[in-house]
Q: 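Structure below; questions to follow.
Values below: all heavy atoms of this structure, side chains included; hydrogens, waters and symmetry mates excluded. If you read the sequence from its start, that first residue is 1, and numbering goes on from there.
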Amino acid sequence: MKVTIDISMYPIKDEYIKPIDGFIKIINKFSDLKVMTYPTSTVIQGEYEYTMNALKETITKANKEYGMAIYVTKIIPNYMAL
């Protein structure tokens with residue numbers, strides 16, 4: 001099953017651009033994902049299991065490297081936005 005995830009990251013610190021850019025850089029390393037970045041969110045698309053695991057790994061790495069953040073997601077199964 002394919003999935004589309006719309007995610008927004010809200011770092012819990014005053015300097016928020018670096019963590020957001022870092023998150024985007026990490027998620028773009030997954031070659032089997034389609035990733036589009038917009039001003040208020042990033043849209044990730046791919047096979048469900050692969051995409052969810054990639055998102056989990058990305059959030060874990062981003063939290064370790066840049067500090068904690070709030071993530072707001074919309075997970076839309078079988079919808080190909082990109």
Side-chain angles (χ1 to χ4, degrees):
M1 172 177 68
K2 300 276 188 183
V3 67
T4 296
I5 300 172
D6 184 319
I7 185 164
S8 297
M9 177 188 190
Y10 300 93
I12 305 173
K13 55 174 54 181
D14 290 336
E15 201 284 294
Y16 57 90
I17 298 295
K18 184 177 178 183
I20 293 170
D21 286 344
F23 176 90
I24 293 166
K25 183 183 276 188
I26 296 167
I27 199 70
N28 272 298
K29 290 182 181 178
F30 291 90
S31 60
D32 289 340
L33 293 180
K34 289 183 182 176
V35 179
M36 290 293 296
T37 302
Y38 299 98
T40 59
S41 68
T42 297
V43 176
I44 306 159
Q45 186 174 288
E47 286 297 325
Y48 180 81
E49 291 293 327
Y50 181 83
T51 305
M52 294 301 284
N53 286 330
L55 184 58
K56 181 177 111 178
E57 286 182 38
T58 300
I59 289 172
T60 300
K61 287 180 184 177
N63 283 345
K64 284 181 182 175
E65 189 165 337
Y66 304 107
M68 297 300 290
I70 297 167
Y71 297 89
V72 177
T73 60
K74 297 176 201 164
I75 301 171
I76 311 161
N78 291 320
Y79 177 69
M80 306 310 287
L82 305 177

Q: Which residue pairs pass the ring pair (Phe, Tyr, Trp, His ring centres under 6.0 Å) test with at least one member in residues 43-69, sequence neighbours excluded?
A: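 Passing the test, one end in residues 43-69: no pairs.
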Q: Can you hop from I59 to I17 via hydrophobic side chains spaced under 4.5 Å?
A: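 Result: yes, single cluster for both.
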Q: Would you say M9 ends up clustered with I24 if hydrophobic residues are merged whenever their side chains have heavy atoms under 4.5 Å apart, either directly or through other cluster members?
A: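 Shared cluster, yes.
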Q: Can you name the closest pair of heavy atoms from M52 and I75 and give their distance?
A: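 For M52 versus I75, the nearest heavy atoms are CE-CD1, 3.9 Å.
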Q: For the hydrophobic clusters of this structure (ILVMFWY residues joined by side-chain heavy atoms under 4.5 Å, transitively), does one cluster hold both I27 and Y16?
A: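 Linked, I27 and Y16 end up in one cluster.
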Q: Do side-chain atoms of S8 reach the backbone of T40 as a donor and acceptor pair under 3.5 angstrom?
A: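 Side chain of S8 to backbone of T40, a donor-acceptor pair under 3.5 Å: yes, one is there.
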Q: Which heavy-atom pair separates A69 from P11 by the least distance, and what is that distance?
A: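 In this case the closest contact between A69 and P11 is CB-CA, 3.6 Å.
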Q: Take Y10 and Y71 through the ring-ring contact (aromatic ring centres under 6.0 Å, His included) test and state the conclusion after the steps.
A: CA-CA 6 Å; Y10 300 93; Y71 297 89; 9.0 Å; no
Q: Do F23 and I70 sit in the same hydrophobic cluster, where Ile, Leu, Val, Met, Phe, Trp and Tyr count as joined when their side-chain heavy atoms come under 4.5 Å apart?
A: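 No, it is not one cluster - the side chains of F23 and I70 are not joined through contacts under 4.5 Å.
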Q: Sorted by first residue and then second, give each salt bridge (Lys or Arg N to Asp or Glu O under 4.0 Å) pair with at least one member in residues 49-65; sequence neighbours left out.
A: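 Counting only pairs at least two positions apart or across chains, no salt bridge (Lys or Arg N to Asp or Glu O under 4.0 Å) contact touches residues 49-65.
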Q: Are any of the side-chain heavy atoms of D6 and Y38 separated by less than 4.5 Å?
A: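 Answer no - side chains too far apart.
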Q: Just so I know, are the side chains of T51 and I44 near enough to count as touching, which here means a heavy-atom distance under 4.5 Å?
A: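 Side-chain contact under 4.5 Å: yes.
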Q: Quick check: closest heavy atoms across P19 and K13, and the distance to 0.1 Å?
A: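 For P19 and K13, the tightest heavy-atom pair comes out as CG-CD, 4.0 Å.
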Q: Can you check whether V43 reaches I5 side chain to side chain, under 4.5 Å on heavy atoms?
A: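 No, their side chains stay 4.5 Å or more apart.
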Q: Got Q45 and K2 here, is their nearest side-chain heavy-atom distance under 4.5 Å?
A: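 SC-SC contact between Q45 and K2 ruled out.
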Q: With hydrophobic residues grouped by side-chain heavy-atom distances under 4.5 Å, do I7 and I20 end up in a single group?
A: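 Yes: a chain of side-chain contacts under 4.5 Å links I7 to I20.
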Q: Taking the side chain as every heavy atom from C-beta outward, state whether N53 and F30 have any atom pair closer than 4.5 Å.
A: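 Heavy-atom side-chain distance check fails, nothing below 4.5 Å.
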Q: I'd like to know whether M36 forms a side chain to side chain contact (heavy atoms under 4.5 Å, CB included) with T42, so could you lay out the CA-CA distance, the side-chain angles of the two residues, the decisive distance to 0.1 Å, and finally the verdict.
A: CA-CA 6 Å; M36 290 293 296; T42 297; over 6 Å; no
Q: Look up atom CG in N63 and atom CE in M68, then write down how far apart they are to the nearest 0.5 Å.
A: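 Between N63 CG and M68 CE, I get 4.5 Å after rounding to 0.5 Å.
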